[in-house]
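Note that the structure is predicted; figures quoted are calculated from it, not measured.
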Amino acid sequence: DDVIKNLPPPTNEIIYLVVDSSKKEKRGKKNPVAQKLRIRKKDFFGIRFVVLRLSWDVYRIPVDFEMILPKKAPNYQKENVLFLKM
């Protein structure tokens, strides 16, 4: 809240709320939330997450994020459910 209060307001008076999913490859194989899967005909091993951010002019402020757990994890939730919770 303090950061947002100290930044200039948007020039067009519009602030966007953006939700994006991403991934970070090549984390340790013993990491309990690391996932091995195939995305667009390419093997992936790493951590998946979703980020909620405020965006205007040149500013991109992360507000919240959630880890996407492997499907076998007891607390697994789909990306859309995590989006809605945020």
Side-chain angles (χ1 to χ4, degrees):
D1 290 339
D2 293 335
V3 171
I4 295 169
K5 289 177 187 175
N6 291 320
L7 291 174
T11 54
N12 60 358
E13 297 182 3
I14 297 174
I15 295 179
Y16 297 96
L17 186 61
V18 180
V19 181
D20 187 22
S21 64
S22 190
K23 60 188 181 297
K24 188 67 177 166
E25 295 190 51
K26 300 181 182 175
R27 296 292 178 226
K29 292 192 184 271
K30 293 185 179 181
N31 189 325
V33 296
Q35 300 177 42
K36 183 178 180 182
L37 45 112
R38 192 161 183 86
I39 300 174
R40 295 184 186 141
K41 298 181 181 181
K42 181 182 173 196
D43 289 331
F44 165 78
F45 180 80
I47 297 173
R48 296 174 56 217
F49 55 94
V50 291
V51 178
L52 177 70
R53 71 175 187 258
L54 293 176
S55 176
W56 73 93
D57 296 338
V58 296
Y59 302 104
R60 308 291 180 267
I61 314 277
V63 177
D64 195 4
F65 79 97
E66 292 283 340
M67 301 287 292
I68 302 172
L69 298 175
K71 288 185 179 181
K72 294 179 182 178
N75 299 349
Y76 169 75
Q77 293 178 331
K78 293 183 178 182
E79 284 182 49
N80 289 342
V81 173
L82 295 172
F83 290 154
L84 292 173
K85 282 185 174 182
M86 290 193 289

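By the 4.5 Å heavy-atom criterion applied to side chains, Phe49 and Leu82 are not counted as neighbours.
Ile61 and Met86 fall within the same hydrophobic cluster, defined by Ile, Leu, Val, Met, Phe, Trp and Tyr side-chain heavy atoms under 4.5 Å apart, directly or through other members. Hydrophobic clustering (side-chain heavy atoms under 4.5 Å, transitive across Ile, Leu, Val, Met, Phe, Trp, Tyr) groups Tyr59 together with Val63.
The ring-ring contact (aromatic ring centres under 6.0 Å, His included) test applied to Phe83 returns no partner, not counting sequence neighbours.
Within the model, atoms CG of Leu54 and CD1 of Ile4 stand 4.5 Å from one another, a figure rounded to the nearest 0.5 Å.
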Distance-only criterion, 3.5 Å: show the donor-acceptor pairs between side-chain atoms of residues 8-20 and protein atoms not counting sequence neighbours.
{"residue": "Thr11", "atom": "OG1", "partner": "Asp57", "partner atom": "OD1", "Å": "3.1"}
{"residue": "Asn12", "atom": "OD1", "partner": "Ile14", "partner atom": "N", "Å": "3.2"}

Check residues 74-81 and write down every donor-acceptor pair under 3.5 Å in which the side-chain atom is one partner and the other belongs to a residue at least two apart or another chain.
{"residue": "Gln77", "atom": "OE1", "partner": "Lys85", "partner atom": "NZ", "Å": "3.1"}
{"residue": "Glu79", "atom": "OE1", "partner": "Ser21", "partner atom": "OG", "Å": "3.3"}
{"residue": "Glu79", "atom": "OE2", "partner": "Arg48", "partner atom": "NH2", "Å": "2.7"}

